[in-house]
Amino acid sequence: MQLLFKQRFFSWFDSYDIFDETGAVAFTVKGKLSWGHCLEIYDRTGFHVGTVKEEVLTFLPRFALYQQGQYSGQIKKEFTFFRPSYTLDCNGWQVNGDLFAWDYTVTDPAENLIMQASKQLFQWTDTYVIDVVNPADALLSLMIVLAIDAANCSQGN
């Protein structure tokens, strides 16, 4: 399954449209007024399905992930010099980024690919293509990419 993550050009808060491979809106993300990023995710019918909430007062960005109102885990940025590194406390998955913080992969404990995200360059707004192996992992994969994008935004990248 492929998702296209595209930030809206004019919005006061983080707001995104997430399209599937047919071009239909699969998810809508709306930023809420809060201290730190708070992104609420809605499915194509308008039902609230997830939240990505930044935990404030931490040295490096950290985000709690909620699906259907239930805590799923967290993702936090690690201190590194060369390539971005994130620790994901969810399903035993691991996040690996490239040197420029444009491409990311998520793998399971057996190193099977869960998803791959690539930032599209030369766009007016933040745009990612997310390839998800199992469609059941689409929401959590989207939440991970949202958290990484918010962490990069927080640090001025």
Side-chain angles (χ1 to χ4, degrees), residues 1-9 11 14-31 37-44 49-55 60-68 70-157:
M1 170 180 208
Q2 189 173 69
L3 298 172
L4 176 67
F5 163 121
K6 190 166 186 132
Q7 184 176 21
R8 291 185 185 151
F9 191 69
S11 67
D14 293 328
S15 202
Y16 307 90
D17 290 315
I18 314 301
F19 302 95
D20 64 16
E21 56 269 342
T22 67
V25 174
F27 298 100
T28 301
V29 179
K30 298 178 182 176
H37 291 89
C38 182
L39 305 169
E40 293 188 348
I41 305 164
Y42 299 88
D43 66 10
R44 66 182 80 229
V49 293
T51 303
V52 177
K53 183 157 180 47
E54 184 173 11
E55 297 176 5
L60 292 171
R62 184 180 345 175
F63 297 85
L65 309 175
Y66 299 90
Q67 294 182 75
Q68 313 293 336
Q70 300 294 317
Y71 179 78
S72 297
Q74 72 174 356
I75 182 170
K76 62 182 177 177
K77 188 163 188 175
E78 298 295 333
F79 181 76
T80 57
F81 287 106
F82 296 109
R83 56 179 17 194
S85 179
Y86 292 87
T87 300
L88 181 60
D89 177 21
C90 183
N91 295 348
W93 293 358
Q94 297 176 353
V95 178
N96 298 301
D98 73 347
L99 181 63
F100 299 107
W102 293 332
D103 299 317
Y104 293 90
T105 58
V106 174
T107 55
D108 67 12
E111 296 195 22
N112 296 313
L113 183 67
I114 302 294
M115 74 97 173
Q116 184 173 323
S118 300
K119 186 169 185 173
Q120 302 297 295
L121 302 177
F122 310 113
Q123 302 289 323
W124 288 102
T125 62
D126 288 344
T127 304
Y128 291 86
V129 173
I130 306 168
D131 291 306
V132 183
V133 175
N134 182 355
D137 296 328
L139 176 60
L140 188 54
S141 296
L142 172 62
M143 293 167 68
I144 292 166
V145 175
L146 285 167
I148 289 171
D149 183 65
N152 288 340
C153 180
S154 292
Q155 295 191 319
N157 294 340

Ignoring hydrogens and geometry, is there a side-chain-to-backbone donor-acceptor pair from Q94 to T107 under 3.5 Å? no

Student check: side-chain heavy atoms of L146 and F63 closer than 4.5 Å: no

Do the non-hydrogen side-chain atoms of T127 and K119 ever get within less than 4.5 Å of each other? no

Residue pair T51 / M143: nearest heavy atoms and the distance that separates them: O-CE, 3.4 Å

Does any non-hydrogen side-chain atom of L139 lie less than 4.5 Å from one of F27? yes

OH (Y71) and SG (C90) are apart, to the nearest 0.5 Å, by 8.5 Å

To the nearest 0.5 Å, atom CD1 of I130 lies from atom CG of D20 at 12.0 Å

Using modelled atom types only, decide if a donor and an acceptor are shared between the side chain of D137 and the backbone of S141 within a distance under 3.5 Å. no

Test side chain to side chain contact (heavy atoms under 4.5 Å, CB included), reference I144, set D149, I75, V52, output is I75

Step by step, work out the side chain to side chain contact (heavy atoms under 4.5 Å, CB included) result for K30 and L39. CA-CA 6 Å; K30 298 178 182 176; L39 305 169; over 6 Å; no

Between atom CZ of R62 and atom CD of E54, what is the distance when rounded to the nearest 0.5 Å? 10.5 Å

Write down the atom of A138, the atom of M1, and the distance for their closest heavy-atom approach. CB-SD, 3.8 Å

Using a 6.0 Å cut-off, check whether atom CD of E78 has over 12 heavy atoms from anything other than its own residue. yes

Distance col, row K76:NZ vs L88:CG, nearest 0.5 angstrom, shows 11.0 Å

Given the rule in the side chain to side chain contact (heavy atoms under 4.5 Å, CB included) test, do Q2 and V129 qualify, once you have shown the distances and angles that lead to the verdict? CA-CA 7 Å; Q2 189 173 69; V129 173; 3.3 Å; yes

Quick one: side-chain hydrogen bond (donor to acceptor under 3.5 Å, both in side chains) partners of N91, sequence neighbours excluded? none

Tell me the closest heavy-atom pair linking A151 and P61, and the distance in Å. CB-CB, 3.7 Å

Separation of L140 CG from I114 CD1 (nearest 0.5 Å): 9.0 Å

Decide yes or no on side chain to side chain contact (heavy atoms under 4.5 Å, CB included) for I148 and V95, but give the supporting numbers first. CA-CA 10 Å; I148 289 171; V95 178; 3.9 Å; yes

Which atom of S72 lies closest to which atom of Q67, heavy atoms considered: OG-NE2, 3.0 Å

From Y128 OH over to D103 CG, what is the distance, rounded to the nearest 0.5 angstrom? 9.5 Å

Could K53 and Y66 be counted as a cation-pi pair, given that NZ or CZ must be under 6.0 Å from the ring centre and within 45° of the axis? no

For M115, run the side chain to side chain contact (heavy atoms under 4.5 Å, CB included) check against T105, V106, L142 and tell me which one passes. V106

Is there a side chain to side chain contact (heavy atoms under 4.5 Å, CB included) between D17 and T28? Walk through the geometry before answering. CA-CA 5 Å; D17 290 315; T28 301; 4.2 Å; yes

Please work out which of the three classes, parallel, tilted or perpendicular, describes the rings of Y86 and Y104, given edges at 30° and 60°. perpendicular

